[in-house]
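Naming: A, B, ... by sequence-line order, numbering from 1 per chain.
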There are 2 protein chains.
Amino acid sequence: MLKREATDRVFHALADGNRRAVIERLTRGPATVSELAAQLGVTVAATVQHLQVLQDSELVRSEKVGRVRTCQIDPAGLRNAEAWLQRQRTAWEHRLDRLGAVLDDQTKEPGS
Amino acid sequence: MLKREATDRVFHALADGNRRAVIERLTRGPATVSELAAQLGVTVAATVQHLQVLQDSELVRSEKVGRVRTCQIDPAGLRNAEAWLQRQRTAWEHRLDRLGAVLDDQTKEPGS
């Protein structure tokens with residue numbers, strides 16, 4: 001998967017409050033599909049669909065043992081999204097710093 | 001707008017490579033709609049649609065002077081998305097720390 005497409009998928013996955021609630025739950029530890037469905041107050045089928053989106057974007061991993069599927073955080077997707085946002089903030093702050101330096105220089109000009 | 005809905009919108013806005021390209025461009029300084037359209041290689045109409053999504057999610061602000069609309073970063077949206085991701089990472093790392101502490105305790109048990 002291309003980096004750009006992977007980033008599209010992560011942000012798309014995060015654009016849903018129920019999917020974010022799954023991640024918030026899993027950061028505190030693994031959970032079964034039934035536990036996640038109960039927490040969200042939606043059907044197991046709807047939960048499985050959300051989990052598919054989260055797995056496709058590397059935000060969640062799951063493993064089936066017997067009849068029970070257990071889910072946990074996959075840190076790769078969160079890292080991808082956070083890295084992109086941090087790059088934007090750094091570029092933005094760098095620009096503000098340069099603007100600040102320009103303003104400082106202007107206020108220090110003789111006669112100003 | 002509810003916090004949850006605002007977060008939905010920000011992540012939805014970021015789930016498109018062209019819209020992320022607009023933000024990457026604007027972190028380096030303001031740009032007109034025509035400049036952004038030329039950079040993306042899409043029509044002005046398509047660019048205006050992307051900008052509408054970015055403005056609705058507080059990622060971009062714009063101002064029209066005469067016939068020229070100039071766009072700049074609105075840091076509110078980026079902060080919203082980054083804050084959510086940081087909370088997840090912190091919770092996740094906290095869990096890993098606790099797991100590490102449990103493992104340390106187990107390896108220090110007498111006779112182990």
Side chain, backbone, both or neither of B/Q86 within contact of chain A (heavy atoms, under 4.5 Å): both

Heavy-atom pairs under 4.5 Å with chain A, option from B/L85, B/T7, B/D8 with the top count: B/D8

Contacting region of B/R28 [heavy-atom separation from chain A under 4.5 Å]: backbone

For B/C71 against B/V33, the heavy-atom pair lying closest together: SG-CG2, 4.2 Å

Engaged part of B/R20 at the chain A interface, taking heavy atoms whose separation is under 4.5 Å: both

Nearest atoms (heavy-atom pairs only) where A/V10 meets A/S57: CG2-O, 3.4 Å

Heavy-atom pair count under 4.5 Å with chain B, highest-scoring of A/R89, A/H12, A/E93, A/E82: A/E82

Minimal non-hydrogen separation, A/N18 against B/R4, with atom names: N-NH2, 3.3 Å

Parallel, tilted or perpendicular, as decided by the 30° and 60° cut-offs, for the rings of A/F11 and B/F11: parallel

Atom of A/R95, atom of B/T27 and distance for their closest heavy-atom approach: CD-O, 3.4 Å

